[in-house]
Amino acid sequence: MNPAALKVHLKDLKPNGILIVNTAKFRPNDLRKAHYDSNPLEDGSLDGLRVIEVDLEERTREALADSPLDTRAKDRCKNMFALGMLYWLFHRDMQPTLDDIRKKFAKKSEVADANEKVLRAGHTYADVAGIFQTSYRVPPATDLPPGRYRQLMGNQALCLGLVVAARRAGVQLVLGSYPITPASDILHQLSSYKHHGVVTFQAEDEIAAVCAAIGASYAGKLGVTSTSGPGLALKSEAIGLAVMAELPLVVIDVQRAGPSTGMPTKTEQADLLQAMFGRNGECPVGIVAARTPGDAFETAYEAVRLAIKYMVPVIVLSDGYIANGAEPWRIPALDSLREIEVRYAAQSPDGAPFFPYLRDAKTLARPWARPGTPGLVHRIGGLEKADGSGNVSYDAKNHAHMTRMRAEKIARMADDIPPARPLGDISGDVLVLGWGGTAGAITAATLRLRKAGYSVSALSLRHLNPFPRNLGVLLGSFRRVIVPELNGGQLAMLIRSRYLVDARPFTKVEGQPFTSQELEEHVLAALEELSA
């Protein structure tokens, strides 16, 4: 649309790709602002691309010659002209966009009329002017399982997963949160679910937000807090309190580019090690990661299930790409979701002592004792407790025992999660191992490579602490393990130290997600190296 946008995004266009240029924005002054020494439309730098030159401002003003809008307002409609051209190019139905225009500008009919007229003009121009050599038709998806679908964004999916899990467990959901990009939508959406018994609390800061959630969990509710990377750092001490008190807590971290304030609107995956180790002392928590916008629903549901069953904090890792992305999501049947059983401690018989750290033999979870239940008076807090009685203890051997016990609870979750199942074969030349929002690019690249006959498989992890039980065996069944991440190589570091395999990091920290083409080219280079 202008020289600056061309300079930034030209690298993303494949050879022979279509480039639509708004020639009205390629004047000498525009070129100087973008630091072009010559006009790229004339110097041959765009050779090898299918360049479509359109003066969008002139075409838009022609379409709105009879409009009462002033020239500046008319020029704001030029994006609709380009969109109309794309609707023709891809044979897409314009009606949903026309409906949205009418809805958005319901009180400004002249603006709605102008945008609609320009959208149709762009479609007609592409049809009659012959600017495109071909057009494309994307057929409806035929391989999706039958069911009822809706369009869903990542943050929306997290909210729905939390609400359904709370209803399924029969506990009240209480969110303590402080607004922060890109997680603020979680607070906004959950505040609209009061009719489902959801309580939302906008705290004065991140620490107050997580402490309120911990207080809710202590009271027998489902305590949840949402944030991004900087807020997770502020919450770290309180998360340690939840670990020591052994209370269920769900912490949602919608990651963004950092450090510090970083780039709040750009995506990154650089909080994995913070989630794993970012607290004082030996302080293990469960960690799960959403892989797509729709998968965020199941990830949030799983976090609640594990937190309640094992009486531990669980951190949910999402990112800005997932949070603001959308996909068709099949609404699951309730009976397809795993049960979430809540066992509150029962009232003690008269005179019988209550042991707040008397553990379940299988999960090692301690009883969830609600305040006010007769006979369940017990001590709670951040000081080390004696196993069983819950009394404050400075005994060395007890501290070692409790430290191992808290770690073992997390480890035993691995018996309660499904084994890792790769896309493709369970052994071969290359395994592309990822987590979180890299799943889409990894899947697309792997499918293309397998179709071309290469021995490549892919695995996108949801459970990051603990890992699936069979992950070590699976990793050892491939000649090369490649780990694409939007960070400096954090999962690769964990994999190398845990399983002693030569996991090769492939990293990107540009605030942008991977493209499938990037991954495909990197894997092809690895295959060439292996064949040599």
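What you see is a predicted model; the values in this text were computed from it and never measured.
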For [X] and [Y], work out which heavy atoms get closest and say how close.
{"X": "Leu306", "Y": "His463", "answer": "CD1-CD2, 4.3 Å"}
{"X": "Thr60", "Y": "Phe81", "answer": "OG1-CB, 3.9 Å"}
{"X": "Trp435", "Y": "Leu317", "answer": "CZ3-CD1, 3.7 Å"}
{"X": "Ala303", "Y": "Val288", "answer": "CB-CG2, 4.0 Å"}
{"X": "Ala121", "Y": "Ala63", "answer": "CB-CB, 3.8 Å"}

Next item on the list: Kindly state whether the ring of Phe297 and the ring of Trp329 have centres lying under 6.0 angstrom apart.
Entry: yes
Notebook entry, point to check: Can we call the ring centroids of Phe514 and Phe506 under 6.0 Å apart?
Noted result: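 Between Phe506 and Phe514, which both carry aromatic rings, the centre distance is below 6.0 Å.
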Have [X] and [Y] got a donor and an acceptor in their side chains that come within less than 3.5 Å?
{"X": "Gln95", "Y": "Asp93", "answer": "no"}
{"X": "Asp425", "Y": "Ser427", "answer": "no"}
{"X": "Gln255", "Y": "Thr267", "answer": "no"}
{"X": "Thr225", "Y": "Ser177", "answer": "no"}

Check: Any chance CG of Asp70 has more than 12 other-residue heavy atoms, nucleotides or ligands included, within less than 6.0 Å?
Finding: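 Counting other residues, nucleotides and ligands, CG of Asp70 exceeds 12 neighbours.
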Note to self: Counting neighbours of CG on Leu423 that are heavy atoms of other residues, nucleotides or ligands and sit closer than 6.0 Å, is the number greater than 12?
What the structure shows: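 Yes.
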Check: Got a second to check how far Leu187's CG is from Tyr178's OH, nearest 0.5 Å?
Finding: 11.5 Å
Next item on the list: Determine, for Arg479 against Asp429, whether the closest basic-nitrogen to carboxylate-oxygen distance falls under 4.0 angstrom.
Entry: yes
Next item on the list: Output every pair passing salt bridge (Lys or Arg N to Asp or Glu O under 4.0 Å) with a member in residues 108-117, not counting sequence neighbours, ordered by first then second residue.
Entry: Arg102-Asp113, Arg102-Glu116, Glu116-Arg120
Notebook entry, point to check: Of all residues at least two apart in sequence or in a different chain, which pass the salt bridge (Lys or Arg N to Asp or Glu O under 4.0 Å) check with Lys266?
Noted result: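 In terms of salt bridge (Lys or Arg N to Asp or Glu O under 4.0 Å), with neighbours along the sequence ignored, Lys266 is linked to no residue.
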